[in-house]
S.K.: 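Handing you a structure now.
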Amino acid sequence: QVQLVESGGGLVQAGGSLRLSCAASGGTFSSYVMGWFRHAAGKRREFVACVIADTADDFRYYGNSVKGRFTISRDNAKNTVYLQMNSLRPEDTAVYYCAAASSYLRYGVRASETYDYWGQGTQVTVSS
């Protein structure tokens, strides 16, 4: 059983930055696909980013709405995945969830069905 705990959310003005962290425990962190999703009020849960662990390189994928502004990274030594969010916009306001998957082959990295474990979420609010 993997436990995920997010931190780093808060209130920020448009154009500002935040860095979210997700600490994992209870599993082999380096073997998991780690992703971030967000859920805004009145909207469907949205894929934000993920990073796939590979033997040599990490492969990263981003949702279209955050590409070029957000960066996902992982530190396997610390069992932690990060989401650096720059140039934040009011439409980025949402609860952000960290998720872990043992395999992405069935549904792909962008599908929430892929992910086996979820954190409790952290609120990000961007004011205009």
Side-chain angles (χ1 to χ4, degrees):
Q1 187 75 10
V2 176
Q3 292 80 44
L4 303 172
V5 179
E6 302 99 333
S7 61
L11 174 65
V12 64
Q13 288 188 332
S17 298
L18 281 175
R19 189 176 82 154
L20 305 184
S21 299
C22 172
S25 61
T28 305
F29 178 79
S30 60
S31 69
Y32 286 97
V33 177
M34 297 302 299
W36 288 96
F37 287 77
R38 66 187 183 186
H39 192 186
K43 297 183 179 181
R44 299 181 66 178
R45 183 164 51 188
E46 179 186 9
F47 169 79
V48 175
C50 76
V51 55
I52 301 174
D54 198 20
T55 54
D57 298 296
D58 289 342
F59 294 92
R60 298 172 173 81
Y61 297 88
Y62 296 94
N64 289 335
S65 61
V66 306
K67 198 174 297 183
R69 300 187 297 124
F70 291 10
T71 302
I72 189 171
S73 61
R74 66 190 299 160
D75 185 336
N76 289 339
K78 295 183 178 180
N79 288 359
T80 301
V81 62
Y82 304 97
L83 185 69
Q84 178 66 43
M85 306 186 295
N86 298 330
S87 302
L88 283 162
R89 304 167 180 168
E91 53 264 39
D92 294 318
T93 295
V95 178
Y96 283 71
Y97 296 91
C98 174
S102 55
S103 174
Y104 62 92
L105 297 179
R106 184 172 183 182
Y107 299 109
V109 297
R110 300 172 186 269
S112 58
E113 295 87 344
T114 289
Y115 296 83
D116 308 297
Y117 306 101
W118 294 81
Q120 82 288 350
T122 185
Q123 176 71 46
V124 171
T125 303
V126 184
S127 63
S128 57

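Small disclaimer: the values here were computed from a predicted structure and weren't measured.
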S.K.: Would you give the length of the straight line joining atom OG of Ser25 to atom CG of Asn79, rounded to the nearest 0.5 angstrom?
M.R.: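 It comes to 8.0 Å.
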
S.K.: Give, for atom OG of Ser112 and atom CZ of Arg45, the distance between the pair rounded to the nearest 0.5 Å.
M.R.: 4.0 Å

S.K.: In Å and rounded to the nearest 0.5 Å, what is the OG1 to CG distance from Thr80 to Leu20?
M.R.: 12.5 Å

S.K.: Just grab all the disulfide (SG to SG under 2.5 Å) pairs involving residues 99-128, residues at least two apart or on different chains.
M.R.: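 Of all non-adjacent pairs touching residues 99-128, none passes disulfide (SG to SG under 2.5 Å).
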
S.K.: Can you list the residues that meet the salt bridge (charged side-chain N to carboxylate O under 4.0 Å, His left out) rule with Arg69, with sequence neighbours excluded?
M.R.: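 Counting only residues at least two positions away or on another chain, Arg69 forms a salt bridge (charged side-chain N to carboxylate O under 4.0 Å, His left out) with Asp92.
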
S.K.: Starting at OH of Tyr61, measure out to CD1 of Ile52 and round the result to the nearest 0.5 Å.
M.R.: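 Going from the OH atom of Tyr61 to the CD1 atom of Ile52 covers 4.5 Å.
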
S.K.: For Ser73 and Val81, run side-chain contact (heavy atoms from CB on, under 4.5 Å): C-alpha distance rounded to whole Å, both residues' side-chain angles, the deciding distance at 0.1 Å, then the answer.
M.R.: CA-CA 6 Å; Ser73 61; Val81 62; over 6 Å; no

S.K.: Give a yes or no on whether Trp36 and Val12 share a hydrophobic cluster (residues Ile, Leu, Val, Met, Phe, Trp, Tyr; joining criterion: side-chain heavy atoms under 4.5 Å apart).
M.R.: yes

S.K.: Phe70 and Leu88: side-chain contact (heavy atoms from CB on, under 4.5 Å), yes or no, with the steps?
M.R.: CA-CA 9 Å; Phe70 291 10; Leu88 283 162; 3.8 Å; yes

S.K.: Could I get the full list of salt bridge (charged side-chain N to carboxylate O under 4.0 Å, His left out) partners for Glu46, not counting sequence neighbours?
M.R.: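 Testing Glu46 for salt bridge (charged side-chain N to carboxylate O under 4.0 Å, His left out), a comparison that skips the adjacent residues, returns Arg38.
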
S.K.: What are the two closest heavy atoms between Gly121 and Val95, and how far apart are they?
M.R.: CA-CG1, 3.8 Å

S.K.: Quick one: does any side-chain atom of Thr114 pair with a main-chain N or O of Gly108 as donor and acceptor, under 3.5 Å?
M.R.: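 Flag set: sc Thr114 to bb Gly108 pair under 3.5 Å.
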
S.K.: Do other residues, nucleotides or ligands put more than 12 heavy atoms under 6.0 Å from Lys67 NZ?
M.R.: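 Yes, because the 6.0 Å sphere around NZ of Lys67 holds more than 12 heavy atoms from other groups.
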
S.K.: Please report the interatomic distance SG(Cys22) to CD(Gln3), rounded to the nearest 0.5 Å.
M.R.: 11.0 Å

S.K.: To the nearest 0.5 angstrom, please state how far the OG atom of Ser127 sits from the CD atom of Gln13.
M.R.: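 Interatomic distance, Ser127 OG to Gln13 CD, rounded to 0.5 Å: 5.0 Å.
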
S.K.: Is there a donor in the side chain of Thr125 and an acceptor in the side chain of Gln123, or the other way round, less than 3.5 Å apart?
M.R.: yes

S.K.: Does Ile72 form a side-chain contact (heavy atoms from CB on, under 4.5 Å) with Tyr62? I'd like the steps, not just the answer.
M.R.: CA-CA 8 Å; Ile72 189 171; Tyr62 296 94; 3.5 Å; yes

S.K.: Listed by chain and number, what are the side chain to side chain donor-acceptor pair (under 3.5 Å) partners of Asn86, not counting sequence neighbours?
M.R.: Ser17, Gln84

S.K.: Are Arg74 and Phe29 in a cation-pi setup, meaning NZ or CZ lies under 6.0 angstrom from the ring centre and within 45 degrees of the ring axis?
M.R.: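 Flagged: Arg74 positioned over aromatic ring of Phe29.
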
S.K.: Please indicate whether Tyr104 has more than 12 foreign heavy atoms, meaning atoms of other residues, nucleotides or ligands, lying under 6.0 Å from its OH.
M.R.: no

S.K.: Could you walk me through whether Leu83 and Thr71 pass the side-chain contact (heavy atoms from CB on, under 4.5 Å) check?
M.R.: CA-CA 6 Å; Leu83 185 69; Thr71 302; over 6 Å; no

S.K.: Could you tell me whether a side-chain N or O of Glu6 sits under 3.5 Å from a main-chain N or O of Ser21, the two making a donor and an acceptor?
M.R.: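 Answer holds: no.
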
S.K.: Cluster question for you: counting only ILVMFWY and a side-chain heavy-atom cut-off of under 4.5 Å, with indirect links fine, are Phe47 and Val33 together?
M.R.: yes

S.K.: Taking the side chain from Asp116 and the backbone from Ser102, do they hold a donor-acceptor pair closer than 3.5 Å?
M.R.: yes

S.K.: Give the cluster check for Met85 versus Val51: same hydrophobic cluster or not, with ILVMFWY residues linked at side-chain heavy-atom distances below 4.5 Å.
M.R.: yes

S.K.: Do you reckon Val126 sits in the same ILVMFWY cluster as Tyr96, going by side-chain contacts under 4.5 Å, direct or chained?
M.R.: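 Yes; Tyr96 is reachable from Val126 via cluster members.
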
S.K.: Indicate, with yes or no, if Leu18 and Met34 share a hydrophobic cluster defined by side-chain heavy-atom contacts under 4.5 Å among Ile, Leu, Val, Met, Phe, Trp and Tyr.
M.R.: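 Same cluster.
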
S.K.: Would you list the pairs meeting ring pair (Phe, Tyr, Trp, His ring centres under 6.0 Å) in which at least one residue belongs to residues 106-128, sequence neighbours left out?
M.R.: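 Listed by first then second residue: Phe37-Tyr115, Phe37-Trp118.
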
S.K.: Who passes disulfide (SG to SG under 2.5 Å) against Cys50, sequence neighbours left out?
M.R.: none

